[in-house]
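We use all heavy atoms of the structure for the numbers below, so side chains are in, but hydrogens, waters and symmetry mates are not. Read the numbers this way: they start at 1 and go in the same order the structure lists the ligands and their atoms.
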Amino acid sequence: MDDPVLLTGAGGAVGAAILEGLEDAYEWKLMFHSPPAEEPDHEYLVGDVSSEGDVAAAMDGVGAVIHLAGDPRPEAPWDSVLENNIDGTQKMYEAAVDEGVETFIFASSNHAVGSFETDERTPEMYRPDDQYRLDGTELPRPGNLYGVSKATGEVLGRYYHDEYGLSICNIRIGNLTRGHPPIDYERGQAMWLSYRDCAHIHDCALQADYEYEIVYGISDNDRKYYSIERAKEVLGYEPRDNSAHFDGEERVAEPEP
Ligand SMILES: NC(=O)C1=CN([C@@H]2O[C@H](COP(=O)(O)OP(=O)(O)OC[C@H]3O[C@@H](n4cnc5c(N)ncnc54)[C@H](O)[C@@H]3O)[C@@H](O)[C@H]2O)C=CC1
Ligand SMILES: O=C1O[C@H](COP(=O)(O)O)[C@@H](O)[C@H](O)[C@H]1O
């Protein structure tokens with residue numbers, strides 16, 4: 001990837017994981033919602049993804065996009081997800097087409113499929129011996145309006161791929177937590193995504209060849225109910241972490257080399 005990579009939502013948690021892991025791997029163009037506390041080492045701008053002008057300025061000169069900006073709250077109200085997540089993502093896609101961007105990576109979410117976690121399946125589906133798996137071929141089944149906005153982002157990508165030929169990877173991110181998996185939270189341990197695996201899967205999505213993909217972004221957790229086979233096969237994803245290797249905050253086992 002010779003052209004700069006635009007990273008929206010650069011000031012957030014996922015943005016931090018990506019930049020910590022891939023700081024020197026790409027020429028970054030960062031988009032913040034409000035001025036960063038410290039001067040970044042990369043080109044950056046401050047703007048809102050629901051503003052056409054801000055988005056056009058952000059997209060200028062980039063060859064690929066990692067689009068993270070949005071309201072990440074599972075309980076976010078409709079007005080907010082409509083503006084920040086749905087309208088913002090559509091504006092990002094429109095500007096990407098105008099700029100001739102080749103690769104667009106969209107931060108989708110486990111909440112796009114949250115309603116597969118029925119009373120009948122839980123909590124068993126969060127446990128290592130349970131064989132239930134979602135693999136990305138299932139239809140979305142959101143359990144909240146935030147999840148609806150993420151499913152809509154995936155469908156917007158389908159349209160912009162089919163009409164305009166962008167390579168699009170939707171990463172249904174699980175639960176990103178720094179240092180160790182969530183504690184006393186089986187669901188969160190099943191969908192844990194470590195910081196280094198988060199950076200790695202985004203690196204893979206920037207490097208791989210694909211058309212339109214939906215993959216799950218989780219570490220290689222024993223408890224998983226999301227398959228990571230598609231991410232491995234299409235992106236070359238090789239996660240290094242596993243929530244089963246932790247006892248609370250302590251790492252008690254290393255992954256196989
Ligand atoms: N952290 C996680 O475990 C997961 C995150 N995601 C998705 O990943 C993305 C990033 O999430 P986090 O980093 O955790 O959230 P965050 O809240 O830490 O970062 C989001 C960033 O987007 C910015 N932003 C919000 N609305 C904006 C707008 N209208 N224009 C420009 N910037 C705007 C915020 O200022 C913030 O810096 C979100 O789209 C979220 O839905 C999905 C699944 C799990
Ligand atoms: O999409 C998201 O998912 C994670 C995990 O969901 P949770 O309901 O188990 O907390 C969430 O932490 C994050 O804020 C959200 O954007």
Does the side chain of [X] come under 3.5 Å of the side chain of [Y] through a donor N or O and an acceptor N or O?
| X | Y | answer |
| --- | --- | --- |
| Y132 | E124 | no |
| Y126 | R223 | no |
| T177 | N175 | yes |
| E154 | S108 | yes |

Does ligand 1 have an atom under 4.0 Å from some heavy atom of [X]?
| X | answer |
| --- | --- |
| G174 | yes |
| E83 | no |
| G47 | yes |
| S108 | yes |

### Task
Provide the number and element of each atom of ligand 2 under 4.0 Å from a heavy atom of N175.
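So the atoms of ligand 2 that pass are 5 (C), 9 (O).
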Can you tell which part of [X] has a heavy atom less than 4.0 Å from ligand 1: side chain, backbone, both or neither?
| X | result |
| --- | --- |
| H111 | neither |
| F32 | neither |
| N175 | backbone |

[X]: numbered ligand 1 atoms lying under 4.0 Å from its heavy atoms:
| X | result |
| --- | --- |
| A13 | 13 (O), 14 (O), 18 (O) |
| G11 | 37 (O) |
| G70 | 20 (C), 22 (O), 24 (N), 25 (C), 26 (N) |

### Message
Heavy-atom count check: over 12 atoms from other residues, nucleotides or ligands less than 6.0 Å from E250 CD?
### Response
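Check fails, neighbour count at 12 or below.
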### Query
Quick one: do E233 and R230 make a salt bridge, cutoff under 4.0 Å?
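Counted as a salt bridge, because a side-chain N and a carboxylate O are separated by less than 4.0 Å.
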### Message
Between R73 and D71 (salt bridge meaning N to carboxylate O under 4.0 Å), is one present in this structure?
### Response
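Salt bridge between R73 and D71, a charged N being under 4.0 Å from a carboxylate O: yes.
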### Query
Do F246 and H180 have ring centroids that are under 6.0 Å from one another?
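No, the ring centres sit 6.0 Å or more apart.
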### Task
Decide whether an N or O pair under 3.5 Å exists between I173 and ligand 2.
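No - when backbone and side-chain N and O of I173 are compared with those of ligand 2, no distance drops under 3.5 Å.
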### Query
Of all the heavy atoms in G174, does at least one lie under 4.0 Å from an atom in ligand 2?
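Heavy atoms of G174 do come under 4.0 Å of ligand 2.
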